[in-house]
Each structure stands twice: as structure tokens, then as C-alpha cells.
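Take a look at the structure set out below.
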Amino acid sequence: MPGPYRIRGAVSLPESELRWRFSRASGPGGQHVNTTDSQVELRFDLAATEALPAVWKERALARLAGRLTADGVLVVRASEHRSQWRNREAAALRLAGLLAEASAPPPPERRARRVPRGVVERRLRDKRYRSDVKRGRGRDKGWD
């Protein structure tokens with residue numbers, strides 16, 4: 001298994017902190033599915049890790065709170081491939097992606113801007129047009 005998995009910059013997941021578990025996967029694969037442990041469950045103790053900077057760890061714990069187990073462990077499963085090897089790669093990449101997204105800095109705050117005059121004028125013009133269209137409906141035009 002090629003490791004360590006890079007999260008962002010020089011920060012990566014150390015192989016020593018990853019816990020792997022394998023089981024039989026459901027789904028397509030015929031008799032192969034009944035004989036091999038191809039489903040992968042990857043566990044990463046986010047609460048106890050020293051691999052992430054403290055700020056990143058706080059952000060990730062807050063953003064992934066709904067996905068963590070009671071003791072702060074992040075669990076990722078992969079069973080989309082027939083091969084255990086490919087499922088291991090998929091789970092590790094998914095975990096690294098989750099941690100990269102969760103530990104990313106927040107976007108800059110939006111600065112309020114004035115609504116452009118053209119936008120206001122266009123909206124009012126369209127409102128007048130719709131009003132005229134509706135006013136023209138349903139009246140007796142006097143044609144017989």
C-alpha cells in the first residue's frame with residue numbers, strides 16, 4: 001500500500017495511525033464475492049492524532065462531528081471494486097479527501113455591495129411588462 005497519503009501541503013496521513021478491517025462485500029462478483037474479503041473499512045482516530053496541526057484538527061473535528069464515532073474515530077468504507085487492493089486505495093483516497101476538505105480554511109467573508117442600478121431598472125421594467133400583460137387579460141374587448 002503506497003503511503004503516506006498527502007492531505008494538503010506537507011501534511012500527510014501516517015500509515016501507523018490507520019486501522020484497516022476487511023470483510024466480505026455484497027453486490028456483483030458471483031462466487032468471487034463469497035470467498036474473498038474485498039470490502040475495506042478504514043478507521044482514523046481524528047481526536048487522538050498528532051499528524052494534523054492543531055488548527056486543522058479543530059476544524060476537522062467540528063466539521064466532521066456528524067460522521068465521527070463517539071470516541072472521535074472517522075470511519076470510511078469502500079466496496080465498489082472486486083479487488084481488495086483497489087478498495088484499500090479508494091478508502092484511503094476518500095479519507096484523505098475528507099480530511100483535506102474538512103480542515104481547509106473557511107472562505108473569506110462576503111462583503112456586502114450595493115445593488116447595481118441596471119439590475120433594479122431591469123427588475124422594475126420586467127414587473128411593468130408583466131403587469132401590462134396581466135392587465136390585458138380577461139377584459140371584454142368589445143369584439144363580437
Side-chain angles (χ1 to χ4, degrees), residues 1-30 32-34 36-142:
M1 193 85 234
Y5 294 95
R6 177 173 256 126
I7 295 176
R8 198 171 55 249
V11 179
S12 57
L13 291 173
E15 188 68 38
S16 60
E17 292 190 21
L18 302 178
R19 300 285 171 247
W20 300 92
R21 210 174 116 220
F22 308 101
S23 59
R24 301 223 168 107
S26 61
H32 172 78
V33 133
N34 302 327
T36 58
D37 293 337
S38 59
Q39 177 173 305
V40 173
E41 181 180 283
L42 176 57
R43 297 173 154 269
F44 179 68
D45 193 350
L46 185 58
T49 188
E50 296 297 322
L52 298 177
V55 177
W56 289 19
K57 187 172 160 181
E58 287 175 26
R59 274 190 218 137
L61 282 169
R63 291 179 182 167
L64 295 173
R67 284 198 61 147
L68 298 176
T69 62
D71 51 346
V73 176
L74 181 61
V75 181
V76 175
R77 285 188 188 86
S79 62
E80 56 266 14
H81 303 290
R82 281 181 55 151
S83 156
Q84 184 189 99
W85 183 260
R86 290 180 65 195
N87 282 332
R88 282 177 64 125
E89 288 177 343
L93 290 174
R94 198 174 302 151
L95 176 68
L98 267 172
L99 289 173
E101 188 177 318
S103 64
E109 277 193 36
R110 182 184 176 277
R111 291 171 52 185
R113 301 275 190 227
R114 191 176 58 80
V115 179
R117 186 170 64 189
V119 171
V120 174
E121 289 175 357
R122 230 171 298 139
R123 181 178 59 85
L124 294 175
R125 184 187 66 222
D126 290 344
K127 282 174 65 112
R128 274 192 299 274
Y129 174 76
R130 295 299 308 160
S131 172
D132 292 342
V133 167
K134 291 184 176 187
R135 197 177 316 117
R137 292 183 188 153
R139 274 206 203 131
D140 186 357
K141 305 283 192 253

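Bear in mind that the values here come from a model prediction, so they are computed numbers and not experimental data.
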**Request:** For Arg21, look at atom CZ and say whether over 12 heavy atoms of other residues, nucleotides or ligands are found less than 6.0 Å away.
**Result:** no

**Item:** Check: Arg86 side chain, His81 main-chain N or O, donor-acceptor pair, under 3.5 Å
**Value:** no

**Request:** Give the minimum heavy-atom separation between Val40 and Ala91, together with the two atoms involved.
**Result:** CG1-CB, 4.1 Å

**Message:** For the CZ atom of Arg59 and the CG atom of Leu52, what is their distance to the nearest 0.5 Å?
**Reply:** 11.0 Å

**Message:** Using the salt bridge (Lys or Arg N to Asp or Glu O under 4.0 Å) criterion, which residues pair with Arg77? Sequence neighbours excluded.
**Reply:** Glu41

**Message:** Can you tell whether the side chains of Arg94 and Glu80 come within less than 4.0 Å, N to carboxylate O?
**Reply:** yes

**Prompt:** For the atom pair CZ (Phe44) and CG (Leu74), what is the distance rounded to the nearest 0.5 Å?
**Reply:** 8.0 Å

**Prompt:** Within a strict 4.5 Å, meaning less than it, do heavy atoms of the Val11 and Trp56 side chains meet?
**Reply:** yes

**Asked** Side chains of Phe22 and Gln39: does their closest heavy-atom pair fall under 4.5 Å?
**Response** no

**Prompt:** Going by atom types alone, do Trp20 and Glu15 pair a side-chain donor with an acceptor below 3.5 Å?
**Reply:** yes

**Message:** Under a 3.5 Å cutoff, is there a donor and acceptor pairing between the side chains of Ser38 and Gln84?
**Reply:** no

**Message:** Could you tell me if the side chain of Lys127 sits less than 4.5 Å from the side chain of Asp132, heavy atoms only?
**Reply:** no

**Message:** For Lys57 versus Ala47, what's the shortest heavy-atom pair and its separation?
**Reply:** NZ-O, 3.0 Å

**Request:** Report yes if some heavy atom in the side chain of Leu124 is under 4.5 Å from a heavy atom in the side chain of Arg128; otherwise report no.
**Result:** yes

**Asked** Any salt bridge between Glu121 and Arg117, counting N to O under 4.0 Å?
**Response** yes

**Complete:** Taken in chain and number order and not counting sequence neighbours, the residues that satisfy side chain to side chain donor-acceptor pair (under 3.5 Å) with Arg122 are none

**Request:** Go through the steps for Val76 and Arg43 under the test side-chain contact (heavy atoms from CB on, under 4.5 Å), then give the verdict.
**Result:** CA-CA 7 Å; Val76 175; Arg43 297 173 154 269; over 6 Å; no

**salt_bridge(Asp126, Arg123) N-O dist < 4.0 Å** = no

**Closest non-hydrogen atom pair, Leu42 against Ala92** = CD2-CA, 3.7 Å

**Request:** Would you check, one step at a time, whether the test side-chain contact (heavy atoms from CB on, under 4.5 Å) holds for Leu18 with Leu95?
**Result:** CA-CA 10 Å; Leu18 302 178; Leu95 176 68; 3.8 Å; yes

**Asked** Looking only at atom types and distance, does a side-chain atom of Arg19 sit under 3.5 Å from a main-chain N or O of Ser16, one as donor and one as acceptor?
**Response** yes

**Request:** State, yes or no, whether a side-chain contact exists between Leu68 and Val75 at a heavy-atom distance under 4.5 Å.
**Result:** no

**Prompt:** In a check of side-chain contact (heavy atoms from CB on, under 4.5 Å) between Leu46 and each of Asp71, Thr69, Leu61, which one passes?
**Reply:** Leu61

**Request:** Identify, with sequence neighbours excluded, every residue that meets salt bridge (Lys or Arg N to Asp or Glu O under 4.0 Å) alongside Glu109.
**Result:** none

**Polar side-chain atom of Ser103 near backbone of Leu99 as donor-acceptor pair, under 3.5 Å** = yes

